[in-house]
**Student:** 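Dumping the structure here so I can ask a few things about it.
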Amino acid sequence: MTEIRALPAFDDNYIWLLRAHDQVAVVDPGDAAPVLDHLAHSGDRLCAILATHHHGDHIGGIAELLARHPVPVFGPAAEDIAGVSHPLAGGEHIEIPGIGVEFEVLAVPGHTRGHLAYYGPSLCGTGAVFCGDTLFGAGCGRLFEGTPAQMQASLAKLAVLPAPTLVYCAHEYTQGNLRFAAAVEPGSVAVQRRVEEVAAARAARRATVPTRIGVELETNPFLRWDEPAVRDAAASRLGHPPTDAVETFAAIREWKNRF
Ligand code: ZN
Ligand code: FE
């Protein structure tokens with residue numbers, strides 16, 4: 001049984017740690033210190049590193065970890081990340097040594113050009129996806145290197161995962177994102193309920209991730225391009241009805257950039 005734990009880093013990053021049989025793999029170690037700390041205190045051994053994309057807050061700790069623990073590093077072939085020993089593209093299947101977890105690699109470009117997500121269909125009984133800065137609680141990543149069409153297609157790949165799938169995002173952004181979700185869909189009971197749940201969690205200093213695909217489908221405006229209320233919100237930004245899902249998504253993303 002694989003256990004998944006969050007190692008908080010910087011202001012609002014989560015480094016995800018997957019643990020089985022005293023071996024741990026880490027996803028997006030932007031900082032080596034919390035990982036080294038965990039290894040020192042637990043006696044666990046590092047067995048692999050996975051990276052979703054090339055931003056410093058996701059890969060900044062890889063060199064230092066590798067210097068002490070020469071382990072395989074999985075990451076996007078389409079991005080330049082020092083230390084990656086297993087360059088990957090979407091559609092590949094990998095098995096993480098040590099913990100024996102199998103992932104399907106999903107290409108989810110948009111935030112960055114080569115962004116990957118790692119989907120483990122059998123993790124936690126429900127399936128789990130590590131999606132970096134693509135999908136957040138009630139939000140999505142900024143489009144630094146991709147087009148709205150790419151990002152919408154990437155989010156659509158995540159949206160079709162089974163509803164109970166756990167979503168391990170790389171940032172604690174849910175509360176701020178929900179303020180925006182409530183502006184997009186002021187009439188949504190599901191969004192209002194989640195605003196209250198997340199406020200309570202944050203007041204108690206609890207993480208709001210992992211979330212679940214089903215929760216995101218109900219409350220995340222960046223997955224709800226087919227919803228009449230979201231299309232209406234996009235139309236009022238655009239000044240005309242959106243022609244398709246991409247235009248709806250693009251208008252909502254653009255609004256969020258200025259929100
Ligand atoms: Zn990023
Ligand atoms: Fe990030």
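The model shown is predicted, which means the values in this text are computed figures rather than measured ones. Counting convention: from 1, in listed order, for ligands and their atoms alike.
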**Student:** Going through the distances and angles, do Arg205 and Glu172 end up as a salt bridge (charged side-chain N to carboxylate O under 4.0 Å, His left out)?
**Tutor:** CA-CA 11 Å; Arg205 296 178 169 278; Glu172 179 60 62; over 6 Å; no
**Student:** Check whether any side-chain N or O of Arg212 sits under 3.5 Å from a backbone N or O of Pro164 as a donor-acceptor pair, and report yes or no.
**Tutor:** yes
**Student:** Considering only NZ, NE, NH1 and NH2 on the basic side and carboxylate oxygens on the acidic side, decide whether Glu247 and Arg237 come within less than 4.0 Å.
**Tutor:** no
**Student:** In a check of side-chain hydrogen bond (donor to acceptor under 3.5 Å, both in side chains) between Thr112 and each of His54, His53, Glu79, which one passes?
**Tutor:** Glu79
**Student:** I'd like the atom name of the N/O/S atom in His111 lying closest to the Zn ion (ligand 1).
**Tutor:** NE2
**Student:** Return all protein N, O or S atoms below 2.8 Å from the Fe ion (ligand 2), chain by chain in residue order.
**Tutor:** Asp57 OD2, His58 NE2, Asp133 OD2, His171 NE2
**Student:** Could you grab the angle centred on the Zn ion (ligand 1), going from NE2 in His53 to OD2 in Asp133, to 10°?
**Tutor:** 100°
**Student:** Nearest N/O/S atom of His55 with respect to the Zn ion (ligand 1), by atom name, please.
**Tutor:** ND1
**Student:** Using 30° and 60° as the class boundaries, would you call the ring planes of Phe222 and Phe180 parallel, tilted or perpendicular?
**Tutor:** parallel
**Student:** Salt bridge check, Glu185 against Arg224: does any charged N sit closer than 4.0 Å to a carboxylate O?
**Tutor:** yes
**Student:** Check for me whether the distance between the ring centres of His58 and His171 falls short of 6.0 Å.
**Tutor:** yes
